[in-house]
Chemist: 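Starting off with a structure, shown below.
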Amino acid sequence: MTATVIFDFDGTLALGDGPLHAYAACVAAVAGVPGADDAYAAAIARHEAGEGGFRDGYHAVQKTALDLGVAPDALQEGYVRSRALLAGPEAPIAPPAGLGDFLARLAEHADLVLVTNSPPIRIDEALAVLGAAPHLDRVVCSAGKPDGMPAIVADALTRGPVLSVGDIYAYDLEPAARLGAATAAVGPASSAVAHLVTMAAPELPALYGEIEAWAAAASSRR
């Protein structure tokens, strides 16, 4: 029996607003809508203040852009352009404190899988910057969460217990919980869904011990 821990990327392993601001800038550049930069900045600020009902900062920019009349194709082009900047000086990222050592310890007890909706553009470079690359057994890009999540979780469950870790409940956690997997919510919205998940904390390092304990117990089951 092999336990699996599934990690989200943006907002879970990759922290910082660099990629989000790169996305907003690239969408503004592609669409060419007057005043878009200010509108996106205001939407991001509303999200950070807990207003607007956005899933995350990307959703804040996306919804604002659509309200401004930006075409979906332009949004997608802006997103792809911003991913080409990922983990560089125009879209910097940082890991949670102690991430590499945590993943190294965790890998002794479980397979570690990254599942992201991001396309496979500069993901390898980003994972190297985060210190995560040597410890991941599998990387799934363009996953199409939430709809693509159940198949990934179901496959892992055929080998043993699964824990899904992420910052967006509807995308990262609810599809896993529905199939009987354990779940860990991280990030600003974690307290709001704490009653729905196995464990929760505003920052991933606060869950290192609990995740390691889960993995050790899960891997010992026969």
Side-chain angles (χ1 to χ4, degrees), residues 8-94 114-123 126 140-150 164-178 183 185-194 196-197 200 202-203:
D8 171 52
F9 181 68
D10 288 287
T12 301
L13 296 189
L15 304 182
D17 292 334
L20 171 61
H21 291 299
Y23 172 57
C26 287
V27 169
V30 170
V33 176
D37 286 316
D38 291 339
Y40 300 155
I44 292 170
R46 288 179 63 207
H47 170 67
E48 291 174 346
E51 302 170 357
F54 305 114
R55 288 189 305 271
D56 59 9
Y58 290 91
H59 184 219
V61 173
Q62 180 188 59
K63 187 176 186 307
T64 303
L66 291 172
D67 289 345
L68 290 172
V70 175
D73 286 351
L75 273 172
Q76 181 60 23
E77 183 180 344
Y79 179 64
V80 171
R81 285 193 187 185
S82 74
R83 288 284 110 169
L85 305 173
L86 181 65
E90 295 178 81
I93 58 174
L114 179 77
V115 178
T116 175
N117 282 352
S118 180
I121 301 172
R122 287 189 57 82
I123 288 295
V140 181
C141 295
S142 302
K145 295 186 287 185
D147 293 342
M149 192 67 167
S164 183
V165 184
D167 66 322
I168 301 181
Y169 179 77
Y171 279 47
D172 306 315
L173 309 178
E174 190 278 334
R178 204 185 327 136
T183 50
V186 297
S190 59
S191 60
V193 298
L196 300 172
V197 298
E203 298 180 351

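Note that the structure is a prediction, hence the values are computed from the model and not measured.
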Chemist: Can you confirm whether Leu86 sits close enough to Phe9 that some side-chain heavy atom of one is under 4.5 Å from a side-chain heavy atom of the other?
Modeler: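 SC-SC contact between Leu86 and Phe9 confirmed.
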
Chemist: Measuring from Leu75:CG to Cys26:SG, what's the distance to the nearest 0.5 Å?
Modeler: 12.0 Å

Chemist: Side-chain contact, heavy-atom cut-off 4.5 Å: Cys141 with Pro119?
Modeler: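 With C-beta onward as the side chain, the pair stays apart.
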
Chemist: In chain order, what residues pass the side chain to side chain donor-acceptor pair (under 3.5 Å) check against Asp167, with sequence neighbours excluded?
Modeler: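 Side chain to side chain donor-acceptor pair (under 3.5 Å) list for Asp167, sorted by chain: empty.
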
Chemist: Just do the side chain to side chain contact (heavy atoms under 4.5 Å, CB included) check on Val140 and Thr116 with the steps written out, would you?
Modeler: CA-CA 6 Å; Val140 181; Thr116 175; over 6 Å; no

Chemist: What closest approach, in Å, do Ala185 and Val193 show between heavy atoms, and which atom pair accounts for it?
Modeler: CB-CG2, 3.7 Å

Chemist: Going through the checks in order, is the side chain to side chain contact (heavy atoms under 4.5 Å, CB included) test met by Glu48 and Asp17?
Modeler: CA-CA 11 Å; Glu48 291 174 346; Asp17 292 334; 3.5 Å; yes

Chemist: May I ask you to decide if Asp172's main-chain N or O and Ser164's side chain share a donor-acceptor pair within less than 3.5 Å?
Modeler: yes

Chemist: If the condition is side-chain contact (heavy atoms from CB on, under 4.5 Å), which residues does Pro92 pass it with, not counting sequence neighbours?
Modeler: none

Chemist: Which distance, rounded to the nearest 0.5 Å, do you find between the NZ of Lys145 and the CG of Leu173?
Modeler: 9.0 Å

Chemist: Tell me, do Ser142 and Pro120 make a side-chain contact under 4.5 Å, heavy atoms counted?
Modeler: yes

Chemist: So which atom in His47 and which in Ala60 form the shortest heavy-atom distance, rounded to 0.1 Å?
Modeler: CB-CB, 4.3 Å

Chemist: Under 4.5 Å between any side-chain heavy atoms of Arg55 and Tyr171, yes or no?
Modeler: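 Touching, per the 4.5 Å side-chain cut-off.
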
Chemist: Once rounded to the nearest 0.5 Å, what's the spacing between atom CZ of Arg178 and atom OG1 of Thr183?
Modeler: 12.5 Å

Chemist: Grab the two heavy atoms, one from Ser118 and one from Ile123, that are nearest each other, plus how far apart they are.
Modeler: OG-CD1, 3.8 Å

Chemist: Looking only at heavy atoms, which two atoms of Ala87 and Ala126 are closest? And how far apart?
Modeler: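 Result for this residue pair: CB-CA, 3.8 Å.
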
Chemist: Side-chain contact, heavy-atom cut-off 4.5 Å: Asp8 with Val115?
Modeler: no

Chemist: With a 6.0 Å cut-off (strictly less than), is the heavy-atom count around CD of Glu174, excluding the residue itself, greater than 12?
Modeler: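 Enclosed.
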
Chemist: From Leu85 CG over to Arg122 CZ, what is the distance, rounded to the nearest 0.5 angstrom?
Modeler: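 Going from the CG atom of Leu85 to the CZ atom of Arg122 covers 8.0 Å.
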
Chemist: With a 4.5 Å cut-off on side-chain heavy atoms, are Ile93 and Leu15 touching?
Modeler: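 Sidechains of Ile93 and Leu15: no contact.
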
Chemist: Could you measure the distance from the CG atom of Asn117 to the CE atom of Met149? Nearest 0.5 Å is fine.
Modeler: 9.5 Å

Chemist: Is there side-chain contact between Ile44 and His21, with heavy atoms separated by less than 4.5 Å?
Modeler: yes

Chemist: Could you check whether any side-chain heavy atom of Pro19 comes within less than 4.5 Å of a side-chain heavy atom of Arg83, counting everything from C-beta outward?
Modeler: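 Yes, close enough: below the 4.5 Å cut-off.
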
Chemist: If you compare all heavy atoms of Val70 against all heavy atoms of Tyr40, which two are closest, and at what distance to 0.1 Å?
Modeler: CG2-OH, 3.8 Å

Chemist: Which pair of non-hydrogen atoms, one from Thr12 and one from Gly166, has the smallest distance, and what is that distance?
Modeler: OG1-CA, 3.4 Å

Chemist: Which residues pass the ring-ring contact (aromatic ring centres under 6.0 Å, His included) test with Phe54, not counting sequence neighbours?
Modeler: His59

Chemist: Measure up the Tyr58 and Tyr23 rings against each other and bin them: parallel (under 30°), tilted (30 to 60°), perpendicular (over 60°).
Modeler: tilted

